[in-house]
Asks: 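Submitted below is the structure of interest, expressed as C-alpha cells.
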2 protein chains.
Amino acid sequence: MSDRTPTIHDVAARCGVNASTVSRAFTRPERVSPTTRDRILATAAEMGYRPNAIARALPSGRTRTLGLLVPDITNPFFLDLIRGAERAATAAGYTLVLADTEETSQQETTVVERLTGAVDGFVLASSRASDERLREIHAKTRVVVVNRRVRPLPGVLIDSAHGTRQAAEHLASLGHRRIAYLAGPRASWSDARRWRTLQAVARHRDLEVVRIGPLAPTVDAGMAAADSAVLDDVTAVVTFNDLLAIGVLRRLRDRGIDVPGQISVVGCDDIFGADFCHPSLTTLAAPIESAGRSAVDLLLGLLASDRPRPGDAQGAEGGEGAEGAGAGEDVVLPTRLTIRESTGPAPGRARGRSPRQRAATDRRTARAVGATG
Amino acid sequence: MSDRTPTIHDVAARCGVNASTVSRAFTRPERVSPTTRDRILATAAEMGYRPNAIARALPSGRTRTLGLLVPDITNPFFLDLIRGAERAATAAGYTLVLADTEETSQQETTVVERLTGAVDGFVLASSRASDERLREIHAKTRVVVVNRRVRPLPGVLIDSAHGTRQAAEHLASLGHRRIAYLAGPRASWSDARRWRTLQAVARHRDLEVVRIGPLAPTVDAGMAAADSAVLDDVTAVVTFNDLLAIGVLRRLRDRGIDVPGQISVVGCDDIFGADFCHPSLTTLAAPIESAGRSAVDLLLGLLASDRPRPGDAQGAEGGEGAEGAGAGEDVVLPTRLTIRESTGPAPGRARGRSPRQRAATDRRTARAVGATG
DNA sequence: TTGAAAGCGCTAACAC
DNA sequence: GTGTTAGCGCTTTCAA
C-alpha cells in the first residue's frame with residue numbers, strides 16, 4: 001500500500017486535497033494558497049514523491065528532453081559539441097538524448113522519426129541530410145542546425161570562411177604557392193564553404209590549390225591522403241578537420257618527410273590533441289563547445305516562444321536557457337587561426353616571392369634549411 | 001481533421017477495427033490475423049502513423065531508454081565509453097540519455113532521481129557515489145556499474161590490476177627503482193585498486209613507489225604533478241590515466257627533461273591521442289568501447305529477464321541486446337600494456353640491477369645515453 | 001482558491 | 001481473432 005512510489009494522488013489523499021491541487025502546487029505554485037501549497041510540498045517531500053516525467057509529458061506534450069544528433073560520436077570534434085550541448089541542457093533542466101547517425105542522411109531521418117514526440121526538439125550537428133529533408137523536419141518539429149545554413153532553419157554556424165582565408169593567407173605569406181585541400185565528406189556544408197573560400201583566395205593571391213577528396217574525416221583517411229598530397233607536389237596541406245591533419249602528420253612522419261620543413265599542415269577545429277601531437281598543429285580554432293551551447297540555447301528559446309504561458313513571463317521551475325533567442329538570425333561564431341609548429345616557410349628556392357615574403361621565410365631559415373637539406 | 005499526427009484511433013477508424021487491434025498489430029503481430037494485420041500495417045504506413053513513445057511508456061512503464069552517467073564528458077576516456085554504449089543501445093532499439101555528473105556523488109544522485117521512471121535503467125560509469133548509495137539505487141531501479149565492484153550490483157570491470165602489475169614490472173625490468181604514482185580522484189575505485197597493486201608489486205620487486213595525489217584526472221593536474229614527481233627524484237611515473245600522463249609529458253618537455261631518457265612515463269587507458277602525443281605514450285590499453293557496450297548489454301539482459309513475456313521467448317520487434325546476461329557475474333575486461341616511446345631504461349649508473357635488467361637496458365643504451373648525456 | 005472531470009495515446013486484461 | 005474497458009500519472013479546462 002505504501003510501497004509503490006507515491007503519486008500525486010497519494011499526496012493529495014494525505015493532504016486532504018484534490019490531486020489537481022497537488023499538480024498545481026508543483027506547476028503553478030502561485031495559483032495555490034500559501035498554506036495549502038506549503039502543506040502539499042512538505043507532505044510530498046516527506047513521502048518522497050517525485051513527479052513522473054512520462055506521465056507529465058503525455059498530456060502536455062512537453063518532455064523537457066532534447067535530441068542531439070551527430071554524424072559520428074567517434075570524432076572528438078563532436079565531443080566538444082556534446083559537452084556544450086549537455087551543459088546548456090542541464091543548466092536549463094532539460095535532459096539530452098544522444099544519437100549517432102553514422103554519417104548518413106538515412107539514419108538521420110530514422111532517428112528523427114523515432115525520437116519525434118519523445119523530445120521537444122532537435123539539434124542536428126553537421127547534418128548530412130538534404131536541405132529539403134531538413135525543411136521537412138523543420139515543418140514537423142523544433143530544430144536547430146549546426147554547421148549548416150538552410151533557410152529558414154535557425155542555425156549555429158562556425159565561420160570557417162574567414163578562418164580559411166586567414167589560413168590560406170598565412171600559407172601564402174610563408175611563400176607557399178601550391179597547396180592541397182583535403183576535402184571532407186561529400187554532404188558536408190562546411191566543406192563546400194571552405195573549398196570555395198580557398199579557391200577565392202587562391203585566385204586573389206595567385207596560389208594553386210588542388211582538391212583531394214571527398215574524404216572521411218578520419219585519421220586513417222588523412223594518412224592515405226597524405227600520399228596523394230606528396231604526389232601532387234604541394235608544399236602545404238590544408239585539411240577539412242584536425243583528424244585528417246593528424247593523419248597527414250603521422251603519415252609524413254612515417255615517410256620521413258619533415259613538417260613543416262618540407263610540407264606545412266593546417267588543420268581545422270583545434271580538437272583535443274591538436275596541441276600535443278607532433279609537431280603541434282597549426283589549426284583553425286573553432287569554439288565548438290560554444291556552438292553546442294548556443295545550439296541548445298537557441299532551441300530552448302524557440303521552445304519558450306512556442307508556448308507563451310499566459311500569466312507568467314518566464315517558464316516555471318528553473319527554466320533558464322537562451323534569452324532573446326528565437327529570432328530568425330543565425331548564430332555565427334568566430335574562428336581564429338592558431339599558429340603552432342606544423343606550418344613554416346615553403347621549402348627550397350625562392351621563386352618569385354616578394355621581399356616581404358622572403359623576410360618572413362628568412363626568420364625561420366635555420367630550421368627550414370636544416371630540415372630540408 | 002487529418003492534420004494532427006495520426007493516432008492509433010485514426011488508423012483503427014480507417015480500418016474499421018478497434019484501437020486495441022491496431023495496438024496489437026504492432027506489439028504482438030502474431031495475435032492478429034494476417035489479413036487484418038496487413039491491412040492495419042498498410043493503412044498505418046500510408047497515414048504516416050508513428051507510435052507515440054511517451055504514450056506507450058505510460059501504461060507499460062517501459063521507455064526503451066537507458067541513462068548513461070559519466071563523471072566528466074570532457075574526458076576522452078568517456079568518449080569511447082559513450083560510443084560503445086550508444087552503439088549497443090541503438091542496436092537494441094534503445095535510446096540513450098547522457099548525463100554528466102561533474103565528478104560529484106551529489107549530482108549523480110540528483111540525476112538518477114530525475115531520470116528514474118524516464119529510463120528503464122542506468123549505466124553508472126566510474127561512479128563517485130558510495131557503495132551504500134549505489135545499493136540504494138540498485139534497490140529502486142535497474143543499474144549496471146562500470147569500473148566499480150559493489151556487491152551485489154552487476155558491473156563491468158576493466159582489469160587494471162593485472163595491467164598495473166605488467167606496467168610496474170615493465171619499469172622494474174628497465175631498471176627503475178623509484179617510481180611515482182599519480183593518483184586519480186579520491187572516490188575512484190579503480191584508483192584505489194591500482195595503487196594497491198602497485199604497492200604489492202613494489203614489495204615483491206623491491207621498488208619504491210611514492211604516491212602523488214589525489215589528483216583531478218586532467219592534463220592540467222598532470223602538468224602540476226610532474227613537478228612534484230621531479231622533486232621526488234623518481235625515474236618513472238605511472239599515472240591514473242592518460243590525461244595525467246599527457247600533462248606530465250608536456251610539463252617535462254617544457255622543463256627540458258627528456259622522456260624517456262631521464263624519466264619514463266606510463267599512462268592508462270590508451271585514449272585518443274595517446275599514440276600521437278610526443279613521445280607517444282606507453283600505456284595500459286583498456287577496451288573502453290567494449291566496456292560501454294558490455295555495460296549496456298548487461299543492462300539490457302537484466303531488463304529482459306525482468307519481464308519474461310509469457311508466450312514468446314524473445315522480446316518483440318528487433319530486441320537484440322545481451323544474451324546469457326543477467327547472471328550475477330561481473331564482466332571483466334582485460335587490459336594490456338602497450339609499449340610506445342615514453343618508457344625506456346632508467347637513467348644513470350646501474351645500481352644493483354640484475355644482469356637481465358642490465359641487458360634490457362643496454363639494448364636501448366644509445367638513445368638513453370644520447371638523451372641523458 | 002479549489003474540486004470535478006475529461007482526456008493525453010497507448011497497453012493489457014478480460015470477455016466474446 | 002477481436003472488441004470492451006480500465007487505467008498509466010499527470011495536466012487542464014471549467015465550475016463552484
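In what follows, chains are A, B, ... by sequence order, proteins preceding strands, each numbered from 1. As the structure is a prediction and not an experimental result, all values here were calculated from the model.
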Asks: Over how many whole Å does the gap from Ile54(B) atom CD1 to dG9(D) atom C1' extend?
Replies: 13 Å
Asks: For residues 83-137 of chain B, which residue pairs pass the ring pair (Phe, Tyr, Trp, His ring centres under 6.0 Å) check, not counting sequence neighbours?
Replies: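 For residues 83-137 of chain B: none.
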Asks: Any salt bridge between Lys140(B) and Glu136(B), counting N to O under 4.0 Å?
Replies: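 Salt bridge flag = no for Glu136(B) with Lys140(B).
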Asks: Nearest-Å distance, CZ (Phe26(A)) to C1' (dT2(C))?
Replies: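 In whole Å, dT2(C) C1' lies 17 Å from Phe26(A) CZ.
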Asks: For a quick test of reading the model: is some side-chain N or O of Thr36(A) closer than 4.0 Å to OP1 or OP2 of dT2(C)?
Replies: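 The answer is yes; a side-chain N or O of Thr36(A) sits under 4.0 Å from OP1 or OP2.
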Asks: Taking side chain to side chain donor-acceptor pair (under 3.5 Å) as the definition, give me every residue that meets it alongside Thr36(A), ordered by chain and number, with sequence neighbours left out.
Replies: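 Side chain to side chain donor-acceptor pair (under 3.5 Å) check on Thr36(A) returns Ser33(A).
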Asks: Apply the test side-chain contact (heavy atoms from CB on, under 4.5 Å) to residues Leu299(A) and Arg142(A): give CA-CA distance (whole Å), side-chain angles for both, the deciding distance (0.1 Å), then the verdict.
Replies: CA-CA 7 Å; Leu299(A) 184 52; Arg142(A) 291 289 160 237; 3.9 Å; yes
Asks: Of the options dT11(C), dT2(C), dG9(D), whose atoms approach the side-chain atoms of Thr27(B) most closely?
Replies: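 The listed nucleotide nearest to Thr27(B)'s side chain is dT11(C).
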Asks: In whole angstrom, give the distance that lies between atom CG of Asp10(B) and atom P of dG9(C).
Replies: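 Atom-to-atom, Asp10(B) to dG9(C), this comes out as 9 Å.
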Asks: Separation of Arg56(B) atom CZ from dC8(C) atom P, in whole Å?
Replies: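 Whole-Å distance recorded here is 18 Å.
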Asks: Can you see if the side chain of Arg31(A) gets near the phosphate of dT1(C) - specifically, an N or O under 4.0 Å from OP1 or OP2?
Replies: no
Asks: Check side chain to side chain donor-acceptor pair (under 3.5 Å) between Asp80(A) and all other residues, then give those that pass, not counting sequence neighbours.
Replies: Arg83(A)
Asks: Taking atom types as modelled and ignoring hydrogens, do the side chains of Thr116(B) and Arg50(A) form a donor-acceptor contact shorter than 3.5 angstrom?
Replies: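 No.
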Asks: Once you round it to whole Å, what is the distance between P of dT11(D) and CD1 of Ile40(A)?
Replies: 13 Å
Asks: Axis-to-axis angle across the helix from dT1(C)-dA16(D) to dC16(C)-dG1(D), five pairs an end, to 10 degrees?
Replies: 30°
Asks: Can you tell me how far P of dA5(C) sits from NE2 of His9(A), to the nearest Å?
Replies: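 It is 13 Å, rounded to the nearest whole Å.
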Asks: Choosing from dT11(C), dC10(C), dG1(D), which nucleotide comes nearest the side chain of Ser33(B)?
Replies: dG1(D)
Asks: Is the closest basic N to carboxylate O distance between Arg148(A) and Asp131(A) below 4.0 Å?
Replies: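 Salt bridge: yes.
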Asks: Could you tell me if the side chain of Leu66(A) sits less than 4.5 Å from the side chain of Leu303(A), heavy atoms only?
Replies: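 Side chain of Leu303(A) against side chain of Leu66(A), heavy atoms only: contact under 4.5 Å found.
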Asks: Report each atom pair, protein N/O against N/O of nucleotides 3-6 of chain D, whose distance is under 3.5 angstrom.
Replies:
| residue | atom | partner | partner atom | Å |
| --- | --- | --- | --- | --- |
| dG3(D) | OP2 | Asn18(B) | N | 3.0 |
| dG3(D) | OP2 | Thr21(B) | OG1 | 2.5 |
| dG3(D) | N7 | Arg24(B) | NH2 | 2.9 |
| dG3(D) | O6 | Arg24(B) | NH1 | 2.9 |
| dT4(D) | OP2 | Asn18(B) | ND2 | 3.0 |
| dT4(D) | O4 | Ser20(B) | OG | 3.2 |

Asks: Which residues pass the salt bridge (charged side-chain N to carboxylate O under 4.0 Å, His left out) test with Arg37(A), sequence neighbours left out?
Replies: none
Asks: Using a 4.0 Å heavy-atom cut-off across all strands, classify Ser23(A) as base, sugar-phosphate, or nothing.
Replies: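 Result for Ser23(A) = base.
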Asks: Go through dG9(C), dA12(C), dT11(D) for me and flag the one nearest to the Pro59(B) side chain.
Replies: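 Given the options dG9(C), dA12(C), dT11(D), the side chain of Pro59(B) is closest to dG9(C).
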